[in-house]
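In what follows, chains carry the letters A, B, and so on, assigned in the order in which the sequence lines appear, proteins first and then strands, with residues in each chain numbered from 1. Note that the coordinates shown come from a computational prediction; the quantities given were computed from them, not determined experimentally.
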Protein chains: 2
Amino acid sequence: MKKQDIIKAILGNRYGKSPVLPSATAFASTNIALCKYWGKRDAELNLPITPSLSISLEQKGTTTEIQVNGLNRITVNGQPIENRSSFGKRLFEYVSLFDPNEPLSFHIQSNIPIGAGLASSASGFASLALALNQLYNWRLTLKELSILARIGSGSACRSLWQGFVEWEAGSNPDGMDSFAKPLPQIWPDLCIGVLMHSHAEKKLSSREAMNRSVKTSPFYSSWPSKVAHDLIQIKQAIQSKDLPLLGQIAESNALAMHALVQSSWPPFSYSLPQTLEAMQKIWSLRQEGLEVYFTQDAGPNLKLIFMEQTLTPLLQVFPHMEVIRPFVGK
Amino acid sequence: MKKQDIIKAILGNRYGKSPVLPSATAFASTNIALCKYWGKRDAELNLPITPSLSISLEQKGTTTEIQVNGLNRITVNGQPIENRSSFGKRLFEYVSLFDPNEPLSFHIQSNIPIGAGLASSASGFASLALALNQLYNWRLTLKELSILARIGSGSACRSLWQGFVEWEAGSNPDGMDSFAKPLPQIWPDLCIGVLMHSHAEKKLSSREAMNRSVKTSPFYSSWPSKVAHDLIQIKQAIQSKDLPLLGQIAESNALAMHALVQSSWPPFSYSLPQTLEAMQKIWSLRQEGLEVYFTQDAGPNLKLIFMEQTLTPLLQVFPHMEVIRPFVGK
């Protein structure tokens, strides 16, 4: 089993040991990609075709508590979840890679909707890896935990840090060089605004959608060079705190990703009518001189990118926007 | 003047002669591309980067009457149009290429909305070229008229015939090999349904949008090979009356064209919220087993592609759909 080989390699003689604590709890932020992860070179190990770059959303994320209580139970926000549900299966499958014999229970508290394109699985698997590390007292580095989180869900490898985080694609077949690392830059007045258009679970998983893009979009072959270009530009924008550059590249990158989805067969769109309306509103605000950009993940919700000084006029247009300051208190 | 050189080459010693009739009237159908024309290799002569393939919409189109009355007047559907409007300028600029000195008046009757992505300029310039041919008694072939119509508006070169029409891209710098020709196949039970979501003029001309795609979309470089593939498949579908193949390729081609627009900078979408809703409805109808596909041009309106036998259930979902039978009476 390939995944387990990687885990054994990382844990070494710690593999197969029992938990040292009766329970452990960890939090991880969700992250949104400014340069998207879209396409796998290895589906089992979640190894990406390209690198990607994200920003973590501070207090928005997932807290996972693991209990060693001889039961196999899951609750999400206090509600019990069927072990046989796709969510339950995915979770137990993951933890059984580390310790097939120990019955564990999981209490997951998330302040972001599940499966609605807000990277709930990113913060979910990152917090799970952090909690497992405590429970078993593995004392792994964040780099090692990034690899373990990635095995659960690709973008989870970026959720172990705050601020800007880059996931290096790597090239090794075992993926030991495919992990995330934080960028040092801090940008205190940068804001992210979340426009929730739906809390509903998406109809097409990002896993399936990206596979479809790789296999059927006539444009996928140009995606890696787009990403290479965008990454250089985004890092330059972060370095010089150039919001128009950051915004333009992030928005263009997201639209290109959705162009891949739309040009795949069967075609699909993650947008709702309200998503399109909000995009067109943002484009016209920009024409009026307001510096605001958006990104969109595998769901109908938009995340706006802007500076603190733009907040007041923006809230007049989008009064229900939730504002996140990723660098607050830093 | 490059355009005029082409016109002189086609008209020969007929160039510069006066009208032989006091007035002339001609009709041309509009056409919708099943494989889109998107990108010019020569902006002045409207020479395309790729070939394209369309279907003409029978009675939907434009009638142009030209009067030799010493005036320079335009009416569209009975309403006078300013000569200095962009429409007026474009029209007079075009006719002055043929005869700079003769004041002519134009009465244009169109049963399709102008500038709303229903190829009003295709039927407009095709009917204009046909009417000029009568007025001056040039006795040009349809191939020659196709070249002249193309100089007015690229896709107009396809509007001189009914049924399926292919526009060969050509490779000569003068474009004398870039004209349309009809395909012989007839498909009596093929229907086109028009879902009008807006009669408003589009905010971004297709001319500007395709230039932006060529210059800024990271995916444009893959468009010509997509077209080459799609053309082969569409011709095969027409040959064997294979609606799922025709529909799939036409829909995929349109979505890819819109993916180019969306991935350009500045980004744009020709869709309205209703457009997206209709697309998603069509995708779910297809999942329920109804054989219906769509295409979309540079505007928010969708054109559905289906067989006569599917009409009744479709009208239940889209009661306002206008139905066109391109091969009726053939």
Side-chain angles (χ1 to χ4, degrees), chain A residues 36 50 197 203-204 212-213 216-230 233 244-245 247-284 286-287 293-296 300, chain B residues 36 50 197 203-204 212-213 216-230 233 244-245 247-284 286-287 293-296 300:
Chain A
K36 306 295 183 195
T50 72
H197 295 119
K203 287 183 189 154
L204 182 69
R212 208 182 273 185
S213 293
T216 71
S217 170
F219 300 141
Y220 193 82
S221 59
S222 301
W223 173 250
S225 61
K226 162 87 178 148
V227 168
H229 166 270
D230 288 356
Q233 299 278 95
L245 182 62
Q248 169 167 344
I249 300 296
E251 185 174 311
S252 144
N253 187 275
L255 286 167
M257 180 201 108
H258 287 275
L260 294 175
V261 177
Q262 180 186 316
S263 61
S264 299
W265 195 269
F268 188 74
S269 172
Y270 280 109
S271 292
L272 288 173
Q274 305 94 285
T275 315
L276 185 59
E277 253 170 344
M279 278 183 194
Q280 288 169 336
K281 188 72 206 161
I282 290 163
W283 292 334
S284 71
R286 219 151 61 211
Q287 282 197 317
Y293 301 84
F294 67 82
T295 183
Q296 181 187 8
Chain B
K36 306 295 182 193
T50 70
H197 296 118
K203 287 186 189 151
L204 183 68
R212 208 182 272 183
S213 293
T216 71
S217 171
F219 300 141
Y220 192 82
S221 58
S222 302
W223 173 250
S225 61
K226 161 87 177 148
V227 168
H229 167 271
D230 288 356
Q233 300 279 96
L245 182 61
Q248 170 167 343
I249 300 295
E251 184 174 312
S252 143
N253 187 275
L255 287 167
M257 180 199 106
H258 287 275
L260 294 175
V261 177
Q262 181 186 315
S263 61
S264 299
W265 194 269
F268 189 74
S269 172
Y270 279 109
S271 292
L272 288 174
Q274 306 94 284
T275 314
L276 186 59
E277 252 169 345
M279 279 183 193
Q280 287 168 339
K281 188 73 206 158
I282 290 163
W283 292 334
S284 72
R286 222 154 56 214
Q287 283 197 317
Y293 301 84
F294 66 82
T295 182
Q296 180 187 9

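- Of the residues considered (B/Pro266, B/Pro218, B/Ser263), B/Pro218 shows the highest number of contacts with chain A, using heavy-atom pairs under 4.5 Å.
- The ring-ring contact (aromatic ring centres under 6.0 Å, His included) search around A/Tyr293 returns none, not counting sequence neighbours.
- Going from atom NE2 of B/His258 over to atom OG of A/Ser269 covers 13.0 Å, rounded to the nearest 0.5 Å.
- Proximity to chain B (any heavy atom under 4.5 Å) is restricted, for A/Phe268, to the backbone atoms N, CA, C and O.
- Heavy-atom pairs under 4.5 Å with chain A were tallied for B/Met279, B/Glu251, B/Gln248; the largest tally goes to B/Gln248.
- By the side-chain contact (heavy atoms from CB on, under 4.5 Å) test, A/Ala250 pairs with A/Leu34, A/Ile305, sequence neighbours left out.
- The most heavy-atom pairs under 4.5 Å with chain A, out of B/Ser264, B/Ser225, B/Ala259, come from B/Ala259.
- Of all heavy-atom pairs spanning A/Leu276 and B/Pro273, the tightest one is CD2-N, 3.8 Å.
- Residue contact with chain A, scored on non-hydrogen atoms closer than 4.5 Å, involves the backbone and the side chain of B/Ser252 alike.
- Under the 3.5 Å distance criterion, the side-chain polar atoms of B/Gln280 are matched with a main-chain donor or acceptor of A/Ser271.
- Ranked by heavy-atom pairs under 4.5 Å with chain A, the list B/Ser217, B/Ser222, B/Ser221, B/Ala254 is led by B/Ser222.
- To the nearest 0.5 Å, atoms CZ (B/Phe219) and CG (A/Leu260) are separated by 4.0 Å.
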